[in-house]
Visitor: 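Sharing a structure with you now.
Note on naming: letters A, B, ... go to the chains in the order of the sequence lines (proteins, then strands), and numbering restarts at 1 for each one.
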Amino acid sequence: MASCAAAAAAAAADGGGGGSVVWFRRDLRVEDNPALSAGVRSGEVFAVFVWAPEEEGHYYPGRVSRWWLSQSLRHLDSSLRSLGTSLITKRSLDTASTLLHVLRSTGASNLFFNHLYDPLSLVRDHRLKELLTAQGINVRSFNADLLYEPWEVNDENGSPFATFAPFWNKCLNMPYDPASPLLPPKRIISGDASRCPSETLVFEDDSEKGSNALLARAWSPGWRNADKALSAFISGPLLEYSVNRKKADGATTSLLSPHLHFGEVSVRKVFHLVRIKQLVWANEGNKAGEESVNLFLKSIGLREYSRYLSFNHPCSHERPLLAHLRFFPWIIDETYFKAWRQGRTGYPLVDAGMRELWATGWLHDRIRVVVSSFFVKVLQLPWRWGMKYFWDTLLDADLESDALGWQYITGTLPDGRDFDRIDNPQLEGYKFDPYGEYVRRWLPELARLPTEWIHHPWEAPETVLQAAGIELGSNYPLPIVEISAAKARLQEALAEMWHLDAASRAAMENGTEEGLGDSSEEPLINFPQDIQMEVDREPVRINNTPSADRRLEDQMVPSMTASLVRVEQTVVSADTRNNAEDSRGEVPTTVDFSPHQQGDQGGTQAGRNNVLRQNAGDSTAESSSSWTERDGGVVPVWSPSVSSGRAEQFVADETGIGSGGYLQRHPQSHQLMNWRQLSPTVTRSWEVENAVQPNAIG
DNA sequence: GACACTTTTAT
DNA sequence: TAAAAGTGT
């Protein structure tokens, strides 16, 4: 592949070669966009966006997410026009062939794009790269989404970290800084796209227009707006970020997450600007400001970590990373699920959160934790359903971040939360919303209830309820499950889980389950069909008129079809055996590489100089994976399994980790999934390193 | 500075 | 819950 890199460098240098297609995805900005810069450097540019949502399978973007995307694309197009070109949009069922078509019809010979790390993109991009390279196209890809590429951050043995804290610590102490942000191009030489006309993309149907119109009042997509939001945050709420972190409303946060998801703002720019501010505050002896920056950067770090996790464990959006959880007896209850979605659980903080989510597509991080923890531990619904609902409703829906969040809540990360501790929404209510303002804003039916009872109306005296106009069970529900009952039920469920886990283990040792066969796999509980949104007849209105709650109740509450709840052990798309049309690859295997110290040679990309080699000879490989050196960076390329089934893919490594808490009682079960997929070298060093988990679940 | 005590926070 | 970080003696 070295010759390829050399060719690319040559093309970049002589500025010719028939022009470049710059393929935009979730990097909808002209500033600090390495793929765009590469295109500009090499000559004529064709900027392209391909809309192929069917390729996303279950993860077809939700309504609000599509709305954001449409706005952001419009914004990008206008920026590109002011620079001398425009955005070519294409509707497609198959991105690779559409891109090939674009390349052919424009006569371009280069394809440049920026990396994505979700499991679908990893596989698709790899295939695409192979396909187009075979067609003689010069394909190059770049890091535009992360401070450091996942494969750059390793422990002293060269193995990936399995917990967040040391990962982030390493990121903050890397021997080289994240690349400095690139300036936007001054001008773009547009290629002649007359033979490659844009197609009109439709992102919303008529029924969605009303609700979407309302979103525009609260949000301004687009990279310039993202930039403004960043400046506003840094000069405003950032200073008090640490102090305000307990507040449930959004005014104190950065509100950057949807901008970041669509790549409207570069994390590297965020990082650099925030660090500069931190230095200023540090010089002034402003401890609070310094602390706030650390805390804010940590949330940036979690975003980085979500990509890291997805890269190292590409199943993390659908499978628990710790093996034992596959035996948890989830409660398959559509009524619970619906009550949660509608914000009618009887716990005001949870309900307020769910109504805010539905009405606005956004939730404070704290409240996300509250509602998802309630979902998993009190209702004991399968976490993937909750994650899917978030996917459908969040403006900043992000597969990697959401998978990290839900796995953390579910306790299936080595450093996740204890599964056996239930958070009490009443106590959390008084913690995050001490005066009940948040609850009153989103639950108008409770607006007149005094603060003393606002987070536990079921205990309020009848006279108080009457005075507040509340009739429990009628205009506001009684608790759907009592916390004490939930605790008892959770204990039972966990006992059952450990029992099944132990049984499976014993069976395996006896060789009963030959070759770690199918029965060792977690039964994947499928989504209750894809959650169907009922048609919104009217825009959401949140106000304090008496009819407001009623409207909330019948509008747009997503519903699901009962008959489609499936509990059988259907293999979803993780199965790559014979599922050609939906073959999301799951497994990077045999990643074998020897990263050299990245000397910064004045270039903007880290990752120059890496020496890579392909490890082709590993017989345990289920899918081919190789590392390709390309100009300006290292690109991991994966392809899905062709040969064996997926049984092996999910076998936990024999290495137990963790200590403390319930895991100490079941130490043998606490194993990380997926390590098998790493190269023998990596796995071996992992085994050596495994004992040290200072912050294990306790 | 050493200690007991309380408060905070957890990816 | 339990470890860390504050607070007061």
Visitor: To the nearest angstrom, how far is A:L295 atom CG from C:dA5 atom P?
Guide: 14 Å
Visitor: Could you give the CD-to-P distance, from A:E304 to B:dT11, as a whole number of Å?
Guide: 17 Å
Visitor: Applying ring pair (Phe, Tyr, Trp, His ring centres under 6.0 Å), can you list everything that pairs with A:Y408, at least two apart in sequence or on another chain?
Guide: none
Visitor: Identify which nucleotide among B:dT11, B:dA10, B:dT9 has an atom closest to any side-chain atom of A:K431, counting heavy atoms from C-beta outward.
Guide: B:dT9
Visitor: When the distance from NZ of A:K287 to P of C:dG6 is rounded to whole Å, what number comes out?
Guide: 11 Å
Visitor: Atom NZ of A:K246 and atom P of B:dT7: how far apart are they, to the nearest Å?
Guide: 12 Å
Visitor: Centroid separation under 6.0 Å, is that true for the rings of A:F337 and A:W385?
Guide: yes
Visitor: Give the rounded distance in Å between these two atoms: CG of A:D402 and C1' of B:dT11.
Guide: 14 Å
Visitor: Need one value for A:R245: base, sugar-phosphate or nothing, where a base atom within 4.0 Å counts as base even if backbone is also close, heavy atoms only.
Guide: sugar-phosphate
Visitor: Report yes if the ring of A:Y408 lies under 5.5 Å from the six-membered base ring of B:dT11 with planes under 30°, and no otherwise.
Guide: yes
Visitor: Given the C1' atoms of C:dG6 and B:dT11, what is the spacing between them in whole Å?
Guide: 23 Å
Visitor: Using the ring pair (Phe, Tyr, Trp, His ring centres under 6.0 Å) criterion, which residues pair with A:Y241? Sequence neighbours excluded.
Guide: A:F233, A:F296
Visitor: Rounded off to whole Å, could you give me the CG-to-P distance for the A:D415 and C:dT1 pair?
Guide: 20 Å
Visitor: For the pair made of CD in A:E291 and P in C:dA4, what is the distance, rounded to whole Å?
Guide: 16 Å
Visitor: How long is the line joining CZ of A:F164 and P of B:dA10, in whole Å?
Guide: 11 Å
Visitor: Over all strands shown, is A:R303 touching base, sugar-phosphate only, or nothing at heavy-atom distances under 4.0 angstrom?
Guide: nothing
Visitor: For the residue pair A:N244 / A:T252, report whether a side-chain donor-acceptor contact shorter than 3.5 Å exists.
Guide: no
Visitor: Less than 4.0 angstrom between a side-chain N/O of A:R366 and OP1 or OP2 of B:dA10, yes or no?
Guide: yes
Visitor: Any salt bridge linking A:D365 with A:R245? Criterion: basic side-chain nitrogen under 4.0 Å from a carboxylate oxygen.
Guide: no
Visitor: Within the 4.0 Å heavy-atom criterion, would you say A:D365 contacts the bases, only the backbone, or no part of the nucleic acid?
Guide: base
